[in-house]
Amino acid sequence: MRGSTVVAADYFHSYSAVGLLAVVGVLFVAVAFGAGRLLRPVVPTPEKLLTYECGVDPVGEGWAHTQVRYYVYAFLYVIFAVDSIFLFPWATVFAAPGYGAATLVEMFIFLGFLAVGLLYAYKKGVLAWT
């Protein structure tokens, strides 16, 4: 019974270090924001209250029509970029002895899912730039 309490103490000690670091981080951010709020000058003028974007004065209304296809391209890029990141750890595991055949099959299944997703996007006409 004594050995299990030592293991539990070590287990919770590592989490207490993480918890303490999280508390210190939150306190640091809170103190920094509080000090900034207390020390900054507050002089609102009409020029400061204007909407500012890239140095150009705002003209017209704030709503702009943006086509959805740009978001679809961005979403597809994120999907395939994140999925391609998984290829690098796979390559290191594939090189390790004893993992060759299993990881090769898993990677072909993974690439098959990617190919099905790309084929679906192509069939839906998402990839056609008009």
Side-chain angles (χ1 to χ4, degrees):
M1 188 68 176
R2 175 83 176 141
S4 64
T5 57
V6 172
V7 171
D10 289 340
Y11 179 77
F12 288 117
H13 177 69
S14 62
Y15 277 111
S16 64
V18 172
L20 179 65
L21 185 64
V23 168
V24 168
V26 168
L27 284 175
F28 180 76
V29 171
V31 167
F33 275 112
R37 186 173 195 127
L38 291 173
L39 296 175
R40 73 176 179 224
V42 180
V43 185
T45 62
E47 290 83 15
K48 289 182 181 179
L49 297 176
L50 278 178
T51 304
Y52 178 79
E53 184 174 345
C54 300
V56 179
D57 289 333
V59 176
E61 58 188 52
W63 293 99
H65 180 69
T66 303
Q67 294 190 12
V68 160
R69 69 174 172 224
Y70 300 123
Y71 295 109
V72 173
Y73 281 110
F75 186 64
L76 284 172
Y77 171 75
V78 168
I79 288 172
F80 288 108
V82 169
D83 289 340
S84 67
I85 290 172
F86 288 115
L87 293 173
F88 294 108
W90 170 79
T92 58
V93 170
F94 182 69
Y99 289 101
T103 55
L104 186 63
V105 169
E106 289 172 356
M107 186 48 63
F108 275 116
I109 292 171
F110 178 72
L111 291 175
F113 280 119
L114 287 180
V116 167
L118 188 60
L119 182 65
Y120 177 77
Y122 177 75
K123 291 285 186 181
K124 285 292 193 178
V126 172
L127 302 177
W129 190 273
T130 57

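Numbering of residues begins at 1 and proceeds along the displayed sequence.
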Inset, instruction - Answer yes if V78 and F110 sit in the same cluster of Ile, Leu, Val, Met, Phe, Trp and Tyr residues linked by side chain heavy atoms under 4.5 Å apart, and no otherwise. - result: yes
Legend entry - Atom pair CZ/CZ of F108 and F113 - distance to nearest 0.5 Å: 15.0 Å
Legend entry - Any residue meeting side-chain contact (heavy atoms from CB on, under 4.5 Å) with K123, in chain and number order, not counting sequence neighbours: L119
